[in-house]
**Student:** 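This is the structure I want to talk about, given as structure tokens.
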Amino acid sequence: MRQEILRLLRQAGDHYISGEEIAEGLGVSRTAVWKHIKELRRLGYDIVSQAHSGYRLEKAPDLLRPEEVAPLLKTETIGRHLLYQEETCSTNEDAKAAAAQGAPDGTVVLTEFQGTGHGRLSRGWFCPKGKGILFSVLLRPQRILPQDAPKYTLLAAVAVVRACRARGLEVGIKWPNDVLADGKKLVGILTEMSAEMERIHYIIIGIGINVNIEAAAFAPELRETATSLALLAGKPLDRRALLADILCEMERLTAGVQAQGFAPVLDEWRRLSLTLGQEVRVLGVNETFTGRAVDIDADGALLVDTGEGRRRVLAGDVSIRPAGARQER
Ligand code: BT5
């Protein structure tokens, strides 16, 4: 109902719309309309009222509330079930809990702030409240084997890059889970899964995007290595529209995977990659080595020519070594 009221207020634009008109349009009482308006104001919507004229939406809060995001969605499945909390511990953890309770394929968990947002190997993910996009997508893919799950990280990176490039932002992908601009990290992706040997119960793709973060707002230890889309664009971005576009790209890509497998996603990933063709240092689970990143294989593993042979990297951290420089990123 709140969403419907907002739709009518937005339709009216600069004009006032009377409580009576809203009530009639939605088939509810004027008291119900008034209660919802009160609730919307409590949520941060600046709605002005004028005797005999009605209500006008002056300003909506910059929040990723479902009322704001849902009207922008162009998807059929992803994001149609939206779970939003203004603050939470971690959207990946919330998505796991929702999955365990039977949340449907395509559920998206969203927040403005995470108390314990995390990356791989329990590393932290930091983002000031309301300045990023922090979300997790729950997928229940059909006919996909557990060993294919890591490729959803690559798929998510492709979706984010498509949406950023559509805005003229020059970003690329560092294997396996970072989106970078100017050598600095903009986006981190953490894919987790619940599965048996032969069957995936669900996959959770957690994505953290630095959108409207000022340079000084990054924690000191991240200032050299992190950046935001607003810093790149030179102006703030509309988080809601960007999120809606990313979800749309994810839906297109996941539908493609169900129809034709991962090969087209991997091809696009190769074209958007910043890692391929570069000298890299691989920090594996047990060892460190250097070489030239030459390709990814059908499993999404990175192939590195060390000079003494080709190594296959399935997990780990890879830093790109700029030619002739000692510094790495
Ligand atoms: C990642 O891990 O990059 C995956 C991050 C996934 C975060 C999302 S947010 C929504 C969802 N809910 C969660 O709890 N997680 C997901 P990794 O490759 O391990 O990189 C982590 C490292 O990135 C940290 O150790 C920091 O050095 C760095 N880092 C932390 N916050 C950052 C930020 N905002 N921008 C750039 N780098 C950051």
Side-chain angles (χ1 to χ4, degrees), residues 64 79 82-99 107-139 150 152-157 159-161 164 171 173-193 202-232 239 242-243 246-247 250 274-275 282-285 302 313-320 328-329:
L64 296 173
L82 274 175
L83 300 174
Y84 173 87
Q85 293 184 85
E86 203 168 314
E87 294 191 7
T88 189
C89 54
S90 150
T91 56
N92 266 35
E93 299 311 315
D94 293 342
K96 279 183 221 168
T107 296
V108 170
V109 181
L110 263 175
T111 193
E112 311 289 345
F113 180 78
Q114 298 183 124
T116 51
H118 53 85
R120 297 173 298 159
L121 308 170
S122 309
R123 291 185 288 218
W125 186 259
F126 156 90
C127 187
K129 185 168 177 179
K131 299 295 179 192
I133 307 179
L134 304 165
F135 67 111
S136 301
V137 179
L138 164 66
L139 296 177
Y152 281 96
T153 297
L154 309 184
L155 177 149
V160 173
V161 171
C164 292
V171 304
I173 310 171
K174 191 183 88 153
W175 188 90
N177 68 331
D178 294 349
V179 174
L180 308 186
D182 302 328
K184 293 183 171 184
K185 185 158 168 169
L186 277 167
V187 179
I189 302 166
L190 175 68
T191 302
E192 299 184 273
M193 136 175 100
Y202 61 79
I203 289 179
I204 287 166
I205 310 174
I207 307 181
I209 307 177
N210 301 335
V211 186
N212 293 327
I213 308 182
E214 308 265 340
F218 281 108
E221 65 274 18
L222 292 177
R223 278 185 203 150
E224 292 297 306
T225 54
T227 189
S228 73
L229 291 172
L231 289 172
L232 190 63
R239 295 185 301 148
L242 179 61
L243 173 65
I246 293 169
L247 297 181
M250 286 182 84
L274 300 168
T275 307
V282 179
L283 265 154
V285 185
L302 186 68
V313 187
L314 260 170
D317 282 309
V318 169
S319 49
I320 298 170
E328 292 175 15
R329 45 185 200 237

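All ligand and atom numbering here is 1-based and tracks the order in the structure.
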**Student:** Considering all heavy atoms of both residues, which atom of K174 and which atom of I320 are nearest to each other, and what is their separation?
**Tutor:**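 For K174 and I320, the tightest heavy-atom pair comes out as CG-CD1, 3.8 Å.
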
**Student:** Does the distance from a Lys or Arg side-chain N to an Asp or Glu carboxylate O, for E112 and R239, drop under 4.0 Å?
**Tutor:**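 Salt bridge flag = yes for R239 with E112.
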
**Student:** How close do T227 and A181 get, counting heavy atoms only, and between which atoms?
**Tutor:**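 Between these two residues, the closest heavy atoms are CG2-O, 4.0 Å.
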
**Student:** Name the residue from D94, T116, T111 that meets the side-chain hydrogen bond (donor to acceptor under 3.5 Å, both in side chains) definition with T88.
**Tutor:**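 Among the candidates, only D94 passes.
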
**Student:** Quick one: does any side-chain atom of N177 pair with a main-chain N or O of I189 as donor and acceptor, under 3.5 Å?
**Tutor:**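 Yes: the side chain of N177 pairs with the backbone of I189.
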
**Student:** Need the list: ligand 1 N/O atoms against protein N/O atoms, distance under 3.5 Å, rounded to one decimal.
**Tutor:**
residue, atom, partner, partner atom, Å
ligand 1, 2 (O), R120, N, 3.3
ligand 1, 3 (O), K185, NZ, 2.7
ligand 1, 12 (N), T91, OG1, 3.1
ligand 1, 12 (N), Q114, OE1, 2.9
ligand 1, 14 (O), S90, OG, 2.8
ligand 1, 14 (O), H118, N, 2.8
ligand 1, 15 (N), H118, O, 2.7
ligand 1, 18 (O), R120, NE, 3.1
ligand 1, 18 (O), R120, NH2, 3.1
ligand 1, 18 (O), N177, ND2, 3.2
ligand 1, 18 (O), K185, NZ, 3.4
ligand 1, 19 (O), R120, N, 2.9
ligand 1, 19 (O), R123, NE, 2.9
ligand 1, 19 (O), R123, NH2, 2.9
ligand 1, 20 (O), K185, NZ, 3.1
ligand 1, 31 (N), F126, N, 3.0
ligand 1, 34 (N), F126, O, 2.7
ligand 1, 34 (N), N210, OD1, 3.0
ligand 1, 35 (N), N210, ND2, 2.9

**Student:** I need the full list of side chain to side chain donor-acceptor pair (under 3.5 Å) pairs touching residues 203-218, with sequence neighbours left out, sorted by first then second residue.
**Tutor:**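 Residue pairs with at least one partner in residues 203-218: there are none.
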
